[in-house]
Each structure stands twice: as structure tokens, then as C-alpha cells.
Amino acid sequence: MSPSQKPAEIFVPEFDLRQTLESGQIFHAMPTGPGWQVLVDRTPLYVEQQDRVLRVTAGHESLAQNYLSLDHPLESIYAAFPSDPFSRAALQSCRGLRILRQPRWECLATFITSPMKQVAHIRQISLHLRERFGTPVESSLLHAYPTPEQLAGATEQDLRNCGLGFRAKSLLATARTVASQEVDLAALAQWPTGKLRDRLCEFPGVGRKVANCVLLFAYERLDAVPVDVWIARILLAMRRRKSSHLELERYSNRRFGAYAGYVQQYLFHHARMTKSLPAT
DNA sequence: TGCCAGGCCAAAT
DNA sequence: ATTTGGCATGGC
């Protein structure tokens, strides 16, 4: 489809494109005119929103609906949302934010590059890796996220030159494991969450937090709760008891239930945007 | 300048 | 079983 062709229109009852693309799930969305361009694997997708109308690249409507998770039952998720003041404020300010369905390798790899990095810098690393190792995509400024094979051919120094620091060794080792077909990320989708998390944690550079990001963002485990520094501060303020990150994760699962991952994403984005925490 | 960032890991207790 | 220190880099 030519990008100059008239976009297709999709009616969306409950959706916020900007917050969905800028809430630290993906790190490559490029502002383009009134909308954004993203790559879904190797497919360039232009998306813009005007109130309840979404305009997407003609011919890619169903790809867009799937990637943007327009089928997620937000009304049910909101009906089960916690009722404390901070959570209500997060819901009000983030309403319409959706958890994307990300390509699995891209999600795993980008979150291996994420520890002790700010969102803006993860984006910078991600764009560097695409430019340096990824396949160019016709009619797109962006290159595809490098495949495991493309990264497996790099050296640790190549990756350090993209700003990865100590994460270079982990990303390289994981890329080589996946490229060897010793593990099939697609096949893992059938595994139960606990077993899948344990398997993800076997990759170098993947601990519980990164594994939970991958579970939530690439394996549709909407109850998975990544506990980073922001979420830890928020949950500590809510719980008011000295707790490890694992205890906070369990607390979140008990308290927020089957959509705890969704709640977590709203709390994370709201806290970051407003630089605020729950009152204690 | 000094502090912090969507942590992980191995060593020490 | 739980805590601690080291690890690279860039933005504010």
C-alpha cells in the first residue's frame, strides 16, 4: 500500500493513541505529521487519531486492530479498577491507554537493554540497533528491529558502540541462543505463565522484572506486574509496609486481580507524567 | 557536579 | 533465604 493513499478509518470507542505509544511499551514510534509511524515486524504502519476516528494505512486495518489491541475489554478492565484516589486519578488521566501486542523478539530484546535506563535512552538504543543492524523497510524512515540472526553476527563491542554498556553481553548471548533455534519464542506462547516466566529468566540479562514486561507486552499475560523503581514506590506507598519487590508483585496480584498488568501500566504512566506518588 | 534511570547477577551474610 | 555492591551510559 502506498503511504500516500488515503488512510482507512476505524471507529474506536475507547482509545488514546498517544498515551498507548508513549507509555514505555515500545520505543520506536516516530511522530509523523499529526500521527505516528510504527513498524509491526517489517510492516510500516501509519496511525493517527482524531477523537473517535483512527486513520491507519489502507490495507492494514486488521493488522492495526490486532497490534493496538482494540479488542481488549477496557470497560471490563475499568469496572475492576481499584478505587483508591491515586488509581482513580491514573484511570482518569490514562483512559484509553491499551497494552500493545508486540512482536516477541523485539520485546524481549528491547527490555534486555532496559535495566537502569530511562525510557528516552532505551528509545535511543533501540533506534541505534535498528539503524545499525536492522533491515531497511521500503517507504519507511525506520529499519526493522534486528532479528536474532542479525544480532548474533555482531560483536560485543559493536553492541557497546550502540550505547548498551554492560547489557551488550546479555543481548548478544540471548540473540545467539534464539538464533540457534534452541528456543522457539512462538512455541512458548502455549506455556502457563509461571513456567514461561521461569524459561524467560534463563536468558542472560532477564530477571523477574524484564520477564514480566515480556509476559505482559508480548505474551498477553495481562496479570503480569513488572516491578520497576516507579511501581515499587507506588505500591510501597499504597501498602505502607516494608516489602521486597516480589512481595509488592504478589500484593499487586492479590489486590488488582486478572488485569493487574493493565492497572500497573496506568499507575506507571500516570506517576511518570505527573511526577507524583500516592499520598501516605 | 551529583543523582537517577521500566535491574541483573554473583558474592556475602 | 535475604541483602549488598558492581556494573555503563546519558539526561537533568
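Lettering of chains follows the sequences in order, A, B, ..., and the numbering in each one begins at 1. As the structure is a prediction and not an experimental result, all values here were calculated from the model.
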Look through every strand shown and name the nucleotide pairing with [N] as Watson-Crick or G-U wobble, where both distances are under 3.5 Å.
N	value
C/dA1	B/dT13
C/dG6	B/dC8
B/dC3	C/dG11

Are any side-chain N or O atoms of A/Gln150 and backbone N or O atoms of A/Thr147, one a donor and one an acceptor, separated by less than 3.5 Å?
->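 Yes: the side chain of A/Gln150 pairs with the backbone of A/Thr147.
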
Just by modelled atom types, is the A/Gln50 backbone N or O under 3.5 Å from a matching donor or acceptor in the A/Glu48 side chain?
-> no

What is the distance from [atom1] of [X] to [atom2] of [N], rounded to the nearest Å?
X	N	atom1	atom2	result
A/Leu127	C/dG10	CG	P	15 Å
A/Leu164	C/dG10	CG	P	11 Å
A/Arg208	C/dA1	CZ	P	15 Å
A/Phe166	C/dT9	CZ	C1'	9 Å

Closer to the 5' end of DNA chain C via nearest nucleotide, is it A/Ser244 or A/His121?
->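 Closer to the 5' end of DNA chain C: A/Ser244.
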
Considering heavy-atom distances to DNA chain C, does A/Lys242 or A/Gln118 have its closest nucleotide positioned more toward the 5' end?
->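 Closest to the 5' end, via its nearest nucleotide, is A/Lys242.
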
Compare all side-chain heavy atoms of A/Glu14 with those of A/His72 and state whether any distance is below 4.5 angstrom.
-> no

Given side chains that start at C-beta, do those of A/Met238 and A/Ser87 come closer than 4.5 Å, heavy atoms only?
->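 Result yes, sub-4.5 Å side-chain heavy-atom pair found.
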
First and last nucleotide of DNA chain B touching chain A, 5' to 3', heavy-atom cut-off 4.0 Å?
->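 Under 4.0 Å from chain A, the extent on DNA chain B is B/dA5 to B/dC9.
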
Does the gap between the ring centers of A/His143 and A/Phe133 come in under 6.0 Å?
-> no

Validation row, ring centre A/Tyr145 to ring centre A/Phe27 under 6.0 Å | no

Taking for A/Cys201 and for A/Gln264 the nucleotide of DNA chain B with the nearest heavy atom, the one nearer the 5' end belongs to A/Gln264

DNA chain B: A/Cys213 or A/Phe203, which has the more 5' nearest nucleotide?
->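 With A/Cys213 and A/Phe203 compared, the 5'-side residue is A/Cys213.
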
Can you tell me, in whole Å, how much space there is between the P of C/dG6 and that of B/dG6?
-> 23 Å

Nearest-angstrom distance, P atom, B/dC8 to C/dG11 |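 Pairwise P distance, B/dC8 against C/dG11, rounds to 23 Å.
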
Does A/Phe217 have A/Arg221 sitting over its ring (NZ/CZ under 6.0 Å from centre, angle to axis within 45°)?
->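 Pair A/Arg221/A/Phe217 does not count as cation-pi.
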
Tell me yes or no: between the side chains of A/His28 and A/Ser126, is some donor less than 3.5 Å from an acceptor?
-> no

Name the nucleic acid region contacted by [X], choosing base, sugar-phosphate or nothing; use a 4.0 angstrom heavy-atom cut-off, strictly under.
X	answer
A/Arg123	nothing
A/Thr113	nothing
A/Gly207	sugar-phosphate
A/Ile231	base
A/Val227	nothing

Between A/Arg160 and C/dA8, is there a side-chain N or O to OP1/OP2 distance below 4.0 Å?
-> yes

